[in-house]
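Heads up, the thing below is written out as structure tokens.
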Amino acid sequence: MVLKVMSSNQAIAEAVKLAKPKVIPVYPITPQTTISEYLAKYVADGDINAEYIRVESEHSAISACLGASGTGVRVFTATSSQGLALMHEIIFAAAGLRAPIVMADANRALSAPLSIWNDQQDSISERDSGWMQIYAENGQEALDSVLMSYKVSENKEVLLPTMVCVDGFILTHTVDPVDVPDEEEVDKFLPDYNPEHAYLDPKRPMSIGTFTDPDYYMEARHDMEVAMEKAKAVISDVSQEFADTFGRKYDFIEKYRSEDADTILIAMGSICSTIKDVVDELREQGEKVGLVRVRVFRPFPVEEIYDAIKGASNVGVIDKNFSFSIGGVLHNNIKSMMDVNAAGFIVGLGGRDIKPSHIKEIVEKTNNPSDKPQWIGLNKEEQ
Amino acid sequence: MELPEKEFLAPGHRACAGCGATIGVRLALKMLGENTVAVSATGCLEVITTPYPETAWEIPWMHVAFENAAAVASGVESALKAQGKTDTNVVVFGGDGGTADIGLQALSGAMERGHNLIYICYDNEAYMNTGIQRSGATPYGASTTTSPHGKESFGEDKPKKNMPMIMAAHGVPYVATASISYPEDFMKKVKKAAEVDGPAYIHLQQPCTTGWGYSPAKTIDLGRLAVETGSWILYEIEEGEFKVTYRPIQRKMVSEYLNAQKRFKHLSDLEKEKIQSHVDAICVELKI
Amino acid sequence: MVAIGAAVKEPGSTRKNKTGSWRTFKPILDKETCIECENCVMFCPEGCIDKNYDIDYDYCKGCGICAEECPVKAIKMERE
Ligand SMILES: Cc1ncc(C[n+]2csc(CCOP(=O)(O)OP(=O)(O)O)c2C)c(N)n1
Ligand code: SF4
Ligand code: SF4
Ligand code: SF4
Ligand SMILES: [Mg+2]
């Protein structure tokens, strides 16, 4: 095993190189930009044999992905924040047309006010689009998730696109050691994409993107929900196969010292590394604290989360996003889907730093919960 | 020119009786043949041809949204290229709204990047699918539901956006205007567009019985009147070389064209004269 | 059951929809008069006049373009 030190963005680009998409339409935006640059260079150097389309917008990036995917080839794109919001219309169309696109999202706050820094509002706002969503904790997981996502998305039982989300700057621009898998092994794990459900081929003409009346639309959407449910088993199988091949196992959730914990925090993405440190520290002081990291956000792993937290007395859910009048979306998904009392916390919007002291404050407030979601880390005069 | 027999747009589609759009598509596809992939923008053509679970298309066809047909086609073309299928034609059918307004950015990008595709704007001079709202391609004086005539208004108060010249400014190898009423001229242009290596743009005028307000039998007649009065000029720009491809023997008065349509019925003689002198100025310059 | 992504795999399947029922006027083509110029074939929005100048009344919507564009008036529109 050769470990190379790289950012998550480079790790994602390495994954794309291994996944061998035929068409890569991509448009730069901070903090995704270096993905678009790495891929341009790989194509220029002949390391990826693909058509790289220098589209004039993210809207066209995802549209070109859809056209290419409709033609029966594997595709990749990446974006962030404003770019993802600009794609919004076609994000829904991609899922509805059942195109197994894999896209990376470098999580960044949405304007206004303008911010280039991290939170997860961009991808969370696309949660009802029919895309699967993975939130990675580090570069290795980002790379591995891209590879696994193609296999899940392209599965005939699923045929839904996947968004692999990495926290902007925190992951996209900091480096970690990453094990880049061997090309031959990846080829075996992830063979060519061979669509049957829809492809543009003059030898077998079909029409993709038709107009449905009320007799059909609801069934088409329901079929997507069925596929999203079926994706759960496929994700498990693919994870296992990946673990057997590459030695790294990823579940829907990661349980960190949560088995016997009285207090469990739930969160997604890079913040979990900070939480793990705090958990270790508090454990040393005798506090029974644990973490449940939600890795797969769609399909939403209700049973897995519930099983992991049902024994705890106090549960605190941390969101880097916010739904007005409601609170954090992960928090609300958990509260609405399972019988637990969970406190909700909003943190880190627009890149607001999350210190270990904030996590300790959250643990404290989880043990003494209030009804309303609490904003942690606001400047004092704002509170 | 011999008219290829095979039809690639099946009947049974839901277009209004006398629709000019389907005539244009039928003729274009006859020239392109079966080794063709079509992409449509949202609009009349898309809605009338693909009422699920039916389709009128006999060739592979894709639609995603209103403003992105050129971007979708960019992906299709690139994917075909990546698979070595460079002999397949990629044709886009976008309405005037999907082309001159909301789809202009995606089209500009596709043209500039040099994808080998044929973009045909079927121009019925308004948003017909949504009920005759004005577009950038709506001509001066036309009454639409969003540029209605009234006490304070004579209808659309801006001239038609010069879409083909915007395309020409992209330096693409082939740009042409056409009319469904001059099928040979149109079909020749489609053939040329298919033969050039790189992007080609054809702006096809297509009278619309519902939106323009005339009896369905007159669709071809109206297209002819547009050209014979100099209101719509047939030309092509091949590798930068501009050429008028059809000159009326004796230009007719523009009022003959205007008076045949409900959308211009409200115009005063003064406004009609204004339109005439605008047409005259262009025709004199082009020696039509 | 809706096809995955609502794709339609049967090309030309709008043929199931017989638009002939829309018609109020019916074109009658007199082959004796016809000079085989192909105008009607070219301009029919339904593509329902074949190379033998037979009109497929299953689909003809009765728009009257063919009659209008026939140079020798070989097509007459008759009320259904
Ligand atoms: C983003 C978006 N905005 C608006 C619409 C509504 N819409 C659908 S078709 C259409 C007008 C189409 O006009 P045009 O491109 O001229 O085609 P036509 O219907 O005239 O053939 C509009 C406004 C839409 N589908 N998508
Ligand atoms: S509204 Fe016009 S363009 Fe649309 S189907 Fe009817 S005739 Fe054709
Ligand atoms: S009346 Fe119209 S639809 Fe019928 S055959 Fe003639 S042109 Fe075609
Ligand atoms: S237009 Fe008239 S003359 Fe020409 S082919 Fe048709 S029926 Fe015959
Ligand atoms: Mg229009």
Side-chain angles (χ1 to χ4, degrees), chain B residues 1-27 29-30 34 38 48-64 180-184 186-187 206-209 214-224, chain C residues 1-27 36-71 73 75-80:
Chain B
M1 181 190 286
E2 233 203 289
L3 187 71
E5 196 190 320
K6 192 148 171 34
E7 294 286 340
F8 295 98
L9 193 75
H13 57 70
R14 315 301 201 254
C16 313
C19 174
T22 55
I23 300 173
V25 173
R26 280 185 54 232
L27 297 177
L29 295 183
K30 277 179 182 291
E34 64 187 352
I48 63 179
T49 55
T50 61
Y52 184 86
E54 296 170 18
T55 179
W57 299 84
E58 302 274 10
I59 53 166
W61 173 91
M62 188 172 194
H63 155 258
V64 178
I180 57 162
S181 304
Y182 296 78
E184 291 210 6
F186 171 49
M187 290 191 288
Q206 165 254 299
C208 160
T209 162
Y214 63 82
S215 127
K218 297 282 183 192
T219 292
I220 301 303
D221 211 32
L222 257 296
R224 204 179 292 124
Chain C
M1 254 288 282
V2 176
I4 297 173
V8 176
K9 299 193 182 180
E10 197 186 338
S13 43
T14 47
R15 284 197 180 81
K16 289 176 197 159
N17 181 49
K18 303 279 165 70
T19 49
S21 63
W22 298 15
R23 207 169 47 233
T24 48
F25 285 90
K26 184 176 187 174
E36 308 197 350
C37 72
E38 284 196 324
N39 270 6
C40 55
V41 179
M42 213 144 40
F43 290 133
C44 173
E46 318 306 316
C48 68
I49 308 178
D50 70 16
K51 64 171 194 302
N52 302 318
Y53 308 103
D54 288 324
I55 296 172
D56 190 340
Y57 293 112
D58 277 353
Y59 302 107
C60 165
K61 292 173 183 165
C63 69
I65 289 177
C66 52
E68 185 78 18
E69 291 304 317
C70 176
K73 304 254 167 288
I75 303 174
K76 299 247 152 16
M77 299 303 289
E78 285 180 6
R79 189 169 269 285
E80 282 279 342

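In the text below, chain A, chain B and the rest are named by the order of the sequence lines, each starting its count at 1.
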Where does [X] contact chain B at under 4.5 Å (heavy atoms): side chain, backbone, both or neither?
X: C:Ala3; value: both
X: C:Lys51; value: side chain
X: C:Glu10; value: backbone

Heavy-atom check, side chain of [X] versus side chain of [Y], under 4.5 Å:
X: B:Arg14; Y: C:Thr14; answer: yes
X: B:Ile23; Y: C:Ile65; answer: yes
X: C:Val8; Y: B:Glu54; answer: no

Heavy-atom closest pair, residues C:Thr19 and B:His13: CG2-O, 3.6 Å
Closest non-hydrogen atom pair, C:Cys63 against B:Gly18: CB-N, 3.3 Å
Counting only N and O atoms by type, is there a donor-acceptor contact under 3.5 Å from the side chain of [X] to the main-chain atoms of [Y]?
X: C:Lys61; Y: B:Ala15; value: yes
X: C:Ser13; Y: B:Thr55; value: yes
X: B:Arg26; Y: C:Glu46; value: no

Heavy-atom pair count under 4.5 Å with chain C, highest-scoring of B:Met187, B:Met62, B:Lys30, B:Arg224: B:Arg224
